[in-house]
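The next block holds one structure in the form of structure tokens; read it before the comments.
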Number of protein chains: 2
Amino acid sequence: MCVVTPPDFERLLRGTALRVTRPRLAVLGAVHAHPHADTDTIIGAVRREIPKVSHQAVYDSLHALTAAGLLRRIQPSGSVARYETRIGDNHHHLVCRSCGTIADVDCAVGEAPCLTASEDHGFSIDEAEVVYWGLCPACSTS
Amino acid sequence: MCVVTPPDFERLLRGTALRVTRPRLAVLGAVHAHPHADTDTIIGAVRREIPKVSHQAVYDSLHALTAAGLLRRIQPSGSVARYETRIGDNHHHLVCRSCGTIADVDCAVGEAPCLTASEDHGFSIDEAEVVYWGLCPACSTS
DNA sequence: GGCAGAGTGTTGACTGATTCAAGTTTAGGG
DNA sequence: CCCTAAACTTGAATCAGTCAACACTCTGCC
């Protein structure tokens, strides 16, 4: 049912200093299957595979995987934290002001930071995050 | 001590459908005096003027003023809500990953949305919000 | 294959920003 | 000056996320 070959999550984990555990594999799978899902949704998806995982294990896994660079955390204003596996391509997001739906947008530049601040105030900038706010097709017609 | 003339907050409020109340004037003054301050800081600042305001009144005022367009709410990932009075010029923000400091950056374009998404997925976009992530001068030297 | 121990997971309590709701006060038009 | 909707007070509730103590299990090593 999945047209793309699922990544070899175990190999991804071994590529970092992280141990390979069932919760982590399940979290990677859940985020891959549900892009932009919030933590609650991820916990639900993980529990379909491992019914007894604690929410704490999911939180820990999400943090560890995010720190390792295998996940990206996004959190538009007014939303809870969301996660995605599409990392490394520096893409951006469209967010619906009404229903909160998130869609991916390719970054024309490709490498972070894709924009240069007009005045950096002495900051060393490594990323420019862009969020496009608007209404999704469903919400703009109603 | 303030080199810029403070805006006429009462006039701003009357320009909208909002009633002029002491908490609202104090909130406008507090946000103007403390750009990018979080709610707690704002409550503290307001209470120096009106010691007995409830936190709820400040929350209500912040929401009402934001909805009226007199304030702008910003909330970088991992931070609580912050507010600023500099609105209408579509400027962007520099955020320090280490200490959370926020600095303003002018938008080269000036009018929202300053960027056009490469593929809008049918969304009607009205704003492109840009957050530059990095380290502030103080944090990058330590 | 068995051991050891650092890294992970479980459990359950807790925090803190924000919201809800019921009742009281007040701004501002008539 | 009065009235009414809007705004404020009070106090409790919510909920994502975190903390901490203890139990378990990967993984490298013998």
Next item on the list: List for me each residue that meets salt bridge (charged side-chain N to carboxylate O under 4.0 Å, His left out) alongside B:Arg11, sequence neighbours excluded, and say none if there are none.
Entry: B:Asp8
Check: With a 4.0 Å cut-off, would you call B:Arg24 and B:Glu10 a salt bridge?
Finding: no
Notebook entry, point to check: So do the side chains of B:Ile50 and B:Val53 get within less than 4.5 Å of each other, counting heavy atoms only?
Noted result: yes
Notebook entry, point to check: Tell me, which of residues 69-84 of chain A have any heavy atom that sits under 4.0 Å from an atom in DNA chain D?
Noted result: A:Val80, A:Ala81
Next item on the list: Answer yes when A:Arg86 and A:Asp106 have at least one side-chain N-carboxylate O distance shorter than 4.0 Å, and no when they do not.
Entry: yes
Notebook entry, point to check: When the C1' atoms of the five terminal pairs at each end define the local axes, what inter-axis angle does the helix from C:dG1-D:dC30 to C:dG30-D:dC1 show, to 10 degrees?
Noted result: 40°
Which side-chain N or O atoms in residues 60-69 of chain B pair as donor and acceptor under 3.5 Å with protein atoms at least two apart or in another chain?
residue : atom : partner : partner atom : Å
B:Asp60 : OD1  : B:Gln56 : NE2          : 3.2
B:Ser61 : OG   : B:Ala57 : O            : 2.8
B:Thr66 : OG1  : B:Leu62 : O            : 2.6

Margin query: I need a per-nucleotide contact map over nucleotides 25-30 of chain D, read 5' to 3'. Cutoff is protein heavy atoms under 4.0 Å; write B for the base, S for backbone only, - otherwise.
Written below: BBS---
Notebook entry, point to check: Rounded to whole angstrom units, what separation is found between the CZ atom of B:Arg24 and the C1' atom of D:dT9?
Noted result: 15 Å
Notebook entry, point to check: Got a sec, which hydrophobics cluster with B:Val105, joining ILVMFWY side chains under 4.5 Å apart, including via others?
Noted result: A:Leu94, A:Val105, A:Leu115, A:Phe123, A:Ile125, A:Val130, A:Tyr132, B:Leu94, B:Leu115, B:Phe123, B:Ile125, B:Val130, B:Tyr132
Next item on the list: Working to the nearest 0.5 Å, report the span between CG of A:Leu12 and OG1 of A:Thr16.
Entry: 8.5 Å
Next item on the list: Just jot down the side chain to side chain donor-acceptor pair (under 3.5 Å) partners of A:Thr41, sequence neighbours excluded, or say none.
Entry: A:Asp38
Check: Taking the hydrophobic residues Ile, Leu, Val, Met, Phe, Trp and Tyr, and joining any pair whose side-chain heavy atoms are under 4.5 Å apart, which ones share a cluster with B:Leu135?
Finding: none
Notebook entry, point to check: Can you list, by residue number, the residues of residues 45-57 of chain B that have a non-hydrogen atom closer than 4.0 angstrom to DNA chain D?
Noted result: B:Lys52, B:Val53, B:Ser54, B:Gln56, B:Ala57
Check: When the distance from OH of A:Tyr59 to C1' of D:dA20 is rounded to whole Å, what number comes out?
Finding: 17 Å
Checklist line | Which residues share a salt bridge (charged side-chain N to carboxylate O under 4.0 Å, His left out) with B:Glu49, sequence neighbours left out | finding: none
Checklist line | Rounded distance (nearest 0.5 Å) linking atom CZ of B:Arg82 with atom OG of A:Ser77 | finding: 11.5 Å
Next item on the list: Starting at OH of B:Tyr59, measure out to CD1 of B:Ile42 and round the result to the nearest 0.5 Å.
Entry: 9.5 Å
Checklist line | N-O pairing of B:Glu129 and B:Arg72 below 4.0 Å | finding: no
Note to self: Could you tell me how far apart A:Ile43 (CD1) and D:dC15 (C1') are, to the nearest whole angstrom?
What the structure shows: 12 Å
Next item on the list: Using ring pair (Phe, Tyr, Trp, His ring centres under 6.0 Å) as the criterion, list what pairs up with A:His93, not counting sequence neighbours.
Entry: A:His36, A:His91
Next item on the list: State, yes or no, whether a side-chain contact exists between B:Ile102 and B:Pro76 at a heavy-atom distance under 4.5 Å.
Entry: yes
Checklist line | For atom CG of A:Leu62 and atom C1' of D:dT18, their distance in whole Å | finding: 14 Å
Checklist line | Where chain A begins and ends its contact with DNA chain C, read 5' to 3' at 4.0 Å from heavy atoms | finding: C:dG5 to C:dG12
